[in-house]
Amino acid sequence: MQIVNDKGCSWINDLNPRSNIKVLNKNEECDWIIIGAGYTGLSAARKLGQLHPNQKILLVDAQRAGEGASSRNSGYLVDTTLNDGFTSNKELDNNKKKADIYKLGIESVKRFIKEYQVDCDWNECGKYFASSNLGDKKILENFSNTLSKLGFEHNLFFHEELKKRFGTNFYKIALHTKGGILLHPGKLVRAMIDTLPKNINLYENSLLLKWEKVKDTVVCKFKNGLIKTKKIIFATNGFLKSLGIKSNYNFPITLTASMTRSLSDEEFISLGEPKEWGVLPVRPMGATIRMTKDRRILIRNTAEVYNPYQMSKSELTKRSLKQKIGIKKRFPELPDDIIQFSWSGVVSRTRNSSQIFEKIDDNIFVAGCYNGSGIGVGTLFGEQIAIKASNENTKEIEIIEARNKPTWLPPDPILSYGVRARLIYERFRAKSEI
């Protein structure tokens with residue numbers, strides 16, 4: 001099945017179209033191949049290019065580079081997360097390990113931006129975990145206690161202050177963490193493409209059909225060519241399972257989002273002219289909402305088990321209607337037809353919200369499954385899996401490998417039924433926040 005290069009993502013549409021897209025149409029032999037050209041694959045390629053300037057390195061993606069999850073997320077570079085175990089003081093050590101990885105991820109992105117002078121609308125304004133239900137105060141107080149023990153600067157805010165900050169009456173309580181960063185994900189990943197080392201050969205719109213190890217070589221079959229390589233790095237995140245990589249340890253979830261056009265001066269004034277902000281939900285299935293630098297409103301309020309390869313226009317329209325309702329609940333004064341673009345994207349999850357980072361055979365390596373925190377962690381893991389695959393070690397690798405490992409998942413259809421049931425349950429619990 002081919003992955004579609006659709007034109008519905010606002011972040012991608014903000015960029016100038018790329019030219020000179022190369023598609024694999026011949027057989028190749030190389031020293032390295034990286035499958036997947038998002039944050040992880042691009043970062044791995046950049047590091048390999050630096051470490052092995054005289055070796056042949058191929059980077060291959062099933063669609064256009066950077067136009068998968070790397071451009072389709074909400075643009076949060078996170079320092080902390082609430083919905084993956086951070087609410088439990090019983091697991092403080094595990095939470096610290098996760099926070100250490102997030103910190104390293106932020107540092108990796110910062111280094112890249114500084115080295116290449118990247119403009120990606122970087123804003124160190126932090127982020128909010130917000131709810132319209134004061135009954136969620138206990139959740140945020142427990143989270144605040146955990147953050148205090150971990151040394152994170154944060155504050156609780158209530159209705160009147162939130163109205164000033166967000167331009168909406170909707171939210172009653174929120175916890176703000178100062179270490180989070182908002183950015184333009186499309187601009188960041190495009191910069192990673194534009195700055196690839198010259199010894200990296202990038203092939204796009206080239207779907208990997210199957211792969212196998214034959215003695216000391218990995219053979220990859222594509223529609224119009226065969227690649228034989230000495231070493232391979234899988235960096236496909238939401239598509240790891242479909243390639244048979246750690247199949248019982250990860251699963252894809254399809255998300256959909258919409259973004260409005262830029263608000264007019266009159267509309268923006270009616271909201272109180274708020275500064276850029278980003279809200280993440282207190283409950284897992286609540287809505288992610290963002291007011292961008294250029295006065296657009298982004299909303300993501302669906303998550304489901306769905307074919308990760310593409311979503312039809314009619315199905316996407318149904319989900320866009322939910323996003324229209326979500327925006328109207330928060331900003332009733334805005335017009336009904338304000339949504340400009342809607343799109344879908346895929347995230348990869350594990351049962352215990354840990355990431356995948358490992359050598360799975362002598363010449364086969366994998367990094368992925370970021371549980372919705374892929375900008376920083378994906379950049380970090382890409383760099384470090386390239387170093388690990390080069391038989392070197394770093395302090396960062398030691399920190400990554402100290403994390404709790406992903407836990408086993410049952411096979412399909414049991415897994416799909418279980419995930420669907422959990423999503424329905426979480427959607428019901430968060431119904432007022434969607």
Closest approach of [X] and [Y], non-hydrogen atoms and distance?
X      : Y      : result
Val60  : Ser206 : CG1-O, 3.5 Å
Ile245 : Asn250 : O-ND2, 3.2 Å
Pro252 : Lys241 : CD-CD, 4.1 Å
Ala130 : Val279 : CB-CG1, 3.7 Å
Gly286 : Ala430 : N-CB, 3.7 Å
Cys220 : Ile232 : SG-CD1, 3.7 Å

Between the side chains of Thr256 and Gln323, does any donor sit under 3.5 Å from an acceptor?
yes
Does any donor atom in the side chain of Asp294 or Thr292 lie under 3.5 Å from an acceptor atom in the other side chain?
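Side chains of Asp294 and Thr292: pair found under 3.5 Å.
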Checking Ile325 now: which residues fulfil side chain to side chain contact (heavy atoms under 4.5 Å, CB included) with it, not counting sequence neighbours?
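Applying side chain to side chain contact (heavy atoms under 4.5 Å, CB included) to Ile325 gives Lys329.
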Quick one: list whatever passes side chain to side chain contact (heavy atoms under 4.5 Å, CB included) with His176, sequence neighbours left out.
Tyr128, Phe157, Lys178
Does [X] use its side chain to pair, donor to acceptor, with the backbone of [Y] at less than 3.5 Å?
X      : Y      : value
Asp79  : Tyr102 : no
Ser70  : Tyr39  : yes
Asn371 : Thr350 : yes
Arg290 : Ser74  : yes
His184 : Gly186 : yes
Trp11  : Lys187 : no
Glu204 : Ala65  : yes
Asn248 : Lys246 : no

Got Lys275 and Cys125 here, is their nearest side-chain heavy-atom distance under 4.5 Å?
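No, too far: nothing below the 4.5 Å cut-off.
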Pairwise side-chain contact, Leu77 with Val109, heavy-atom cut-off 4.5 Å (strictly under):
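Yes, close enough: below the 4.5 Å cut-off.
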Candidate pair Lys221 and Glu212, rule salt bridge (charged side-chain N to carboxylate O under 4.0 Å, His left out), full reasoning
CA-CA 9 Å; Lys221 187 179 188 317; Glu212 62 178 334; over 6 Å; no
For residues 402-419, which residue pairs qualify under salt bridge (Lys or Arg N to Asp or Glu O under 4.0 Å), counting only residues two or more places apart or in two chains?
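Sorted pair list comes back empty.
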Do the numbers put Arg319 on top of the ring of Tyr306, so that NZ or CZ is under 6.0 Å from the six-membered ring centre and no more than 45° off the axis?
yes
Pi-cation contact, Phe251 with Arg349 (under 6.0 Å, within 45°)
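Judged by the rule (NZ or CZ under 6.0 Å from the ring centre, within 45° of its axis), Arg349 is not positioned above Phe251.
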Pairs involving residues 22-32, ordered by first then second residue, that meet side chain to side chain donor-acceptor pair (under 3.5 Å) (sequence neighbours left out):
Glu28-Lys56, Glu28-Tyr203, Asp31-Lys230, Trp32-Gln55
May I ask you to decide whether [X] forms a salt bridge with [Y], counting only side-chain N to carboxylate O separations under 4.0 Å?
X      : Y      : answer
Glu67  : Arg72  : no
Lys388 : Glu392 : no
Asp136 : Arg429 : no
Arg111 : Glu383 : yes
Glu315 : Lys318 : yes

Which residues pass the ring-ring contact (aromatic ring centres under 6.0 Å, His included) test with Tyr76, not counting sequence neighbours?
none
What residues form a ring-ring contact (aromatic ring centres under 6.0 Å, His included) with Trp122, not counting sequence neighbours?
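Partners of Trp122 under the ring-ring contact (aromatic ring centres under 6.0 Å, His included) test: none.
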Would you mind listing every ring pair (Phe, Tyr, Trp, His ring centres under 6.0 Å) that reaches into [range], with sequence neighbours excluded?
range            : answer
residues 371-405 : Phe357-Phe381, Tyr370-Phe381
residues 409-434 : none
residues 382-403 : none
residues 224-246 : Trp211-Phe234, Phe239-Tyr309

Tell me every residue that passes salt bridge (charged side-chain N to carboxylate O under 4.0 Å, His left out) with Lys114, counting only those two or more places apart in sequence or in another chain.
none
If you apply the rule salt bridge (charged side-chain N to carboxylate O under 4.0 Å, His left out), what do you find for Asp337 with Arg261, and how did you get there?
CA-CA 10 Å; Asp337 60 350; Arg261 57 165 171 76; 5.3 Å; no
Show every donor-acceptor pair shorter than 3.5 Å between a side-chain atom in residues 188-195 and any protein atom, with sequence neighbours excluded, or say none if there are none.
{"from": "Arg190", "atom 1": "NH1", "to": "Asn16", "atom 2": "O", "distance (Å)": "2.8"}
{"from": "Arg190", "atom 1": "NH2", "to": "Asn16", "atom 2": "O", "distance (Å)": "3.4"}
{"from": "Thr195", "atom 1": "OG1", "to": "Ala191", "atom 2": "O", "distance (Å)": "2.7"}

